[in-house]
Structure formats: structure tokens, C-alpha cells
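For reference, the structure discussed in these notes is given below.
Scope of the values below: all heavy atoms of this structure, side chains included, with no hydrogens, waters or symmetry mates.
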Amino acid sequence: QVQLVESGGRLVQAGDSLRLSCAASGRTFSSYAVGWFRQAPGKERDFVGRISRTGGLTSYADSVKGRFTISRDNAKNTVYLQMNSLKPEDTAVYYCAADPSYSTLVDYRYLEVWGQGTLVTVSS
């Protein structure tokens, strides 16, 4: 089973850009689609976006569409979340999750492989 570690979260100002990384170890990373989720204090974990095993398919939540981009480098066993034009409402702990099925990666309740999360704080 693959293990995931997120990194890159920090305090930024509104309008800034930030790139998060999700590094994998364990089984062949290219066998897994990867999703990004976020959880603000007191709220449910929300879908942010996902990428297929080869990187040929991506989809995003409406709240981040046009601002966030997910990419992957299977040679480096890493998936990236590029976040531009950050807003205070983007403040949350960001998690990556992996699953063999791309279609499963929209609902956190069905996912078992998670990283530990990385905190992104956007100040106004």
C-alpha cells in the first residue's frame, strides 16, 4: 500500500501563490489516482481536485476551478497542487489521498489512504 506525505503549507497573504506536494512511497505510485481535499476548522473535509493515474484527467471543485491546478510526476512519485490567487476562505488543512479508482476520489468517506495533512493559512 502506498504511503503519502504532504508538504508546502504555510502562512501566505491573499492573492499569493503556493504549491503543495504529495510525495508517495511504497507500491507503484502510477497505479493510483490522487485527490486533494481540505478541511477548515469545524467543517467537513471537502473535495478540492483529483488527477488520474497517468495525469491525463483532472477535475476540480467549483470553488477552486481556474485558480488551482493539479499535476503529477510519476518518476518522482509526487503529485502537486498549484494554488494561485489564494483567498482567506482557502485556509484549511490540505490532504492528499490515493485510490486505484479515479472515480472514487470525490468523496472522502470512501478513501482509506491519506497523508497527514499540511496547513495553509491565507491572511487578508
### Message
How long is the straight-line distance from CG of N77 back to OG of S30, given to the nearest 0.5 Å?
### Response
8.0 Å

### Message
Quiz question: by atom type and distance under 3.5 Å, do the side chains of T78 and D73 form a donor-acceptor pair?
### Response
no

#### Entry: Minimum heavy-atom distance between V93 and G117, given as atom pair plus value
CG1-CA, 3.8 Å

### Query
Taking all non-hydrogen atoms of both residues, which atom of D90 and which atom of S85 are closest, and how far apart?
OD2-O, 4.4 Å

## Note on the structure
Minimal heavy-atom distance between A98 and V2, with the atoms involved, is CB-CG1, 4.0 Å

### Query
Would you say the side-chain atoms of E6 pair up with the backbone N or O of Q116, donor to acceptor, closer than 3.5 Å?
yes

### Query
Is there a side-chain contact between F37 and L111, using heavy atoms and a 4.5 Å cut-off?
yes

### Query
Is there a donor-acceptor pair closer than 3.5 Å between any side-chain N or O of T91 and the backbone N or O of V122?
yes

### Task
Please answer: with hydrophobic residues joined when any side-chain heavy atoms are less than 4.5 Å apart, are V34 and Y95 in the same cluster?
no

### Task
Supply the atom-to-atom distance I70 CD1 to S52 OG, rounded to the nearest 0.5 angstrom.
10.5 Å

### Task
State yes or no: do Y110 and V48 share one hydrophobic cluster built from I, L, V, M, F, W and Y residues joined by side-chain heavy-atom distances below 4.5 Å, directly or via other members?
no

### Query
Within the side chain of T118, is there an N or O that forms a donor-acceptor pair under 3.5 Å with the backbone of S7?
no

### Query
Any sub-3.5 Å donor-acceptor pair from R45's side-chain atoms to R109's backbone N or O?
no

### Query
Do the side chains of I51 and W36 get nearer than 4.5 Å, heavy atoms only?
no

### Query
Would you call V12 and T121 a side-chain contact if the rule is heavy atoms closer than 4.5 Å?
no

### Interatomic spacing from CG in D46 to CD in E44 - rounded to 0.5 Å
7.0 Å

### Task
Flag the pair Y60 / F47 as yes when at least one side-chain heavy-atom distance between them is below 4.5 Å, and no otherwise.
no

### Message
Taking the six-membered ring of F29 as reference, does the cationic atom of R53 (NZ for Lys, CZ for Arg) lie under 6.0 Å from its centre and within 45° of its axis?
### Response
no

### Query
Does NZ or CZ of R50 lie under 6.0 Å from the centre of the six-membered ring of Y102, at an angle within 45° of the ring axis?
yes

### Short N-O contact, D62 and K65, less than 4.0 angstrom
yes

### Flag for Y94-Q39: side-chain donor and acceptor within less than 3.5 Å
no

### Message
Are the side chains of L11 and S123 in contact, using a 4.5 Å heavy-atom criterion?
### Response
yes

### From L18, V64, T69, residue fulfilling side-chain contact (heavy atoms from CB on, under 4.5 Å) relative to M83
L18

### Message
Looking only at the side chains, is there a donor atom on one of S103 and S101 sitting less than 3.5 Å from an acceptor on the other?
### Response
yes

### Task
Taking all non-hydrogen atoms of both residues into account, name the closest pair between S124 and A14 and its distance.
CA-CB, 4.3 Å

### Query
Hey, does the Lys NZ or Arg CZ of R19 hover above the aromatic six-ring of Y80, less than 6.0 Å from the centre and inside 45° of the axis?
yes

## Note on the structure
Of all heavy-atom pairs linking S63 and R38, the shortest is OG-NH2, 3.5 Å

### Query
Given the rule that I, L, V, M, F, W and Y join up when any side-chain heavy atoms are under 4.5 Å apart, are V5 and L81 in one cluster?
no

### Query
Should F68 and L86 count as side-chain neighbours, where that means a heavy-atom distance under 4.5 Å?
yes

### Query
Just how far is it from atom OG of S17 to atom CD of Q82, taken to the nearest 0.5 Å?
5.5 Å

### Query
Would a 4.5 Å heavy-atom cut-off, applied to side chains only, mark L4 and V113 as touching?
yes

